[in-house]
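Since the structure comes first, as structure tokens, the remarks are kept for the end.
Here, residue 1 is the first one in the sequence, and each next residue gets the next number. Here the structure is a predicted model, which is why all the values come from computation and not from measurement.
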Amino acid sequence: MAWWVVALSVGGAACRAALNSVLDIPPPKPAPPATATPVAITTNPSGTLLPPVEADTIRPVIESVPRDSAVALLPRDHAGNIDWAEALRNGTIAPRSKLPGQAAPPVNGFQFAFDFTYKGLDTLFDARVPHSTHTEWIACQQCHPRIFPYRNTPVTMGEVFQGKLCGECHGKVAFPPTTGCERCHTRMTMPANRAQPVLLGDVTLGRVVDTAGNAGKVDVGGLPRAVFPHWVHRMRYRCKVCHMEVFEPRVGANVVTMRAIADGQFCGACHDGATAFRPSIDNCQQCHRGTVKTD
């Protein structure tokens, strides 16, 4: 080995500088910039630490903060409600488009951008329906044909306020129709900041009725019912990832058991110990929290 190579390898910066002046050796290439560390720890609504969500991707900071901080980071609409569509557009959130192990959807995949207007009794009450915004989040079959036949479905605000039609999501996981008037009725002039930003969508699951003769083998009487926080999940995944294939978004449509989760179904599609925490006897409180309910 040549003496100057040895010197470079053992002499450090001083030797290197001296040799550069004599032998016209080019300076070393700068080290590549350090890669940002992926978010390694997240929190659930109660502030409990959770394992990594996706170790191979740098995630938005909002995924690593508790509930109140998430509210502060999310943009608001004119009324003051959380604007999830704007959060998606401006990069506050970066929800994934597939479950772990699935192939990535095509970059230029199907996007149905047919935005239209429901005519009201007066143009002031015309309601804009942006398909382009909805298809960013949800799959067509989530609404069609169960909620809306494909054409000429009459919509009344009375039904929406009762949780039907648009109200199946709006007021439950999306902005409430009671305070989001101008989001649809774009010609309306409404006072700004009249609503409080709220993370909607926490669902308290009911008890599964045991029909397999296992009653009494496991006492769950002292265990609170599981609470599913939609807001935590919608920051990480688009609605269409879970609905409709993993969960049908309808009360009573999904019988979720711990055995099914352990087999990789329902919540177990992600909660496998790698993508998200694996449900075990050591972390029941991650989902089963709050007041004990035995029904």
Please round to the nearest 0.5 Å and tell me the distance separating atom [atom1] of [X] and atom [atom2] of [Y].
X      : Y      : atom1 : atom2 : value
Phe148 : Cys140 : CZ    : SG    : 13.0 Å
Gln196 : Ile82  : CD    : CD1   : 10.5 Å
Gln141 : Arg146 : CD    : CZ    : 11.5 Å
Ser69  : Leu74  : OG    : CG    : 11.0 Å
Ile138 : His144 : CD1   : NE2   : 8.0 Å

Would [X] end up clustered with [Y] when hydrophobic side chains under 4.5 Å apart are linked, directly or stepwise?
X      : Y      : answer
Met235 : Val198 : no
Leu88  : Ile62  : yes
Tyr237 : Leu200 : no

Nearest heavy atoms of [X] and [Y], plus distance in Å:
X      : Y      : value
Cys267 : Phe247 : N-CZ, 3.6 Å
Thr92  : Pro75  : OG1-CD, 4.2 Å
Ala70  : Trp231 : CB-CZ3, 3.7 Å
Pro279 : Met258 : CB-CE, 3.6 Å
Pro154 : Leu165 : O-CD1, 3.8 Å
Val129 : Tyr118 : CG2-CD1, 3.6 Å

Please name all residues satisfying ring-ring contact (aromatic ring centres under 6.0 Å, His included) with [X], sequence neighbours left out, ordered by chain then number.
X      : answer
Phe161 : none
His170 : Phe175
His243 : none

Under 3.5 Å, side chain of [X] to main-chain N/O of [Y], donor-acceptor pair present?
X      : Y      : answer
His271 : Phe277 : yes
Thr153 : Pro149 : yes
Asp68  : Val71  : no
Glu86  : Asp83  : no

Determine whether the aromatic ring centres of His233 and Phe228 lie less than 6.0 Å apart. yes

Ring centroid separation Phe114 to Phe116 under 6.0 Å: yes

Evaluate side chain to side chain contact (heavy atoms under 4.5 Å, CB included) for Arg96 paired with Arg59, printing each intermediate quantity in order. CA-CA 10 Å; Arg96 302 165 179 84; Arg59 305 304 300 164; 3.3 Å; yes

Between Leu199 and Val232, does a side chain to side chain contact (heavy atoms under 4.5 Å, CB included) hold up when you go through it step by step? CA-CA 9 Å; Leu199 290 170; Val232 170; over 6 Å; no

So [Y] and [X], do their side chains get closer than 4.5 Å, heavy atoms only?
X      : Y      : result
Ile93  : Trp84  : yes
Pro197 : Arg76  : yes
Met244 : Pro249 : yes
Cys270 : Pro100 : yes

Got a salt bridge between Asp202 and Lys172, using NZ or NE/NH1/NH2 to carboxylate O under 4.0 Å? no

I'd like to know if Glu182 and Arg194 make a salt bridge, using a cut-off of under 4.0 Å between side-chain N and carboxylate O. yes

With sequence neighbours excluded, what pairs up with [X] under the side chain to side chain donor-acceptor pair (under 3.5 Å) test?
X      : answer
Arg238 : Ser97, Glu136
His230 : none
Gln142 : none

For the pair Val227 and Leu205, evaluate side chain to side chain contact (heavy atoms under 4.5 Å, CB included) and give the outcome as yes or no after the intermediate values. CA-CA 6 Å; Val227 177; Leu205 279 64; over 6 Å; no

Residues clustered with Val251, ILVMFWY side-chain links under 4.5 angstrom: none

Running the 4.5 Å side-chain criterion over Ile, Leu, Val, Met, Phe, Trp and Tyr, what cluster does Leu124 land in, apart from itself? Phe125, Met188, Met190

Using the side-chain hydrogen bond (donor to acceptor under 3.5 Å, both in side chains) rule, collect all pairs that involve residues 119-131, keeping only residues at least two apart or in two chains. Asp115-Arg128, Thr123-Arg187

Where at least one partner belongs to residues 244-255, residue pairs that pass side-chain hydrogen bond (donor to acceptor under 3.5 Å, both in side chains), sequence neighbours excluded: Glu248-Arg250

Sorted by chain and number, sequence neighbours left out, salt bridge (charged side-chain N to carboxylate O under 4.0 Å, His left out) with Asp77 holds for Arg183

Residues two or more places apart in sequence or in another chain: which of them pass salt bridge (charged side-chain N to carboxylate O under 4.0 Å, His left out) with Glu159? none

Side chain to side chain contact (heavy atoms under 4.5 Å, CB included) for Arg225 and Arg207? Distances and angles first, verdict last. CA-CA 7 Å; Arg225 292 192 297 180; Arg207 294 285 193 210; 4.0 Å; yes

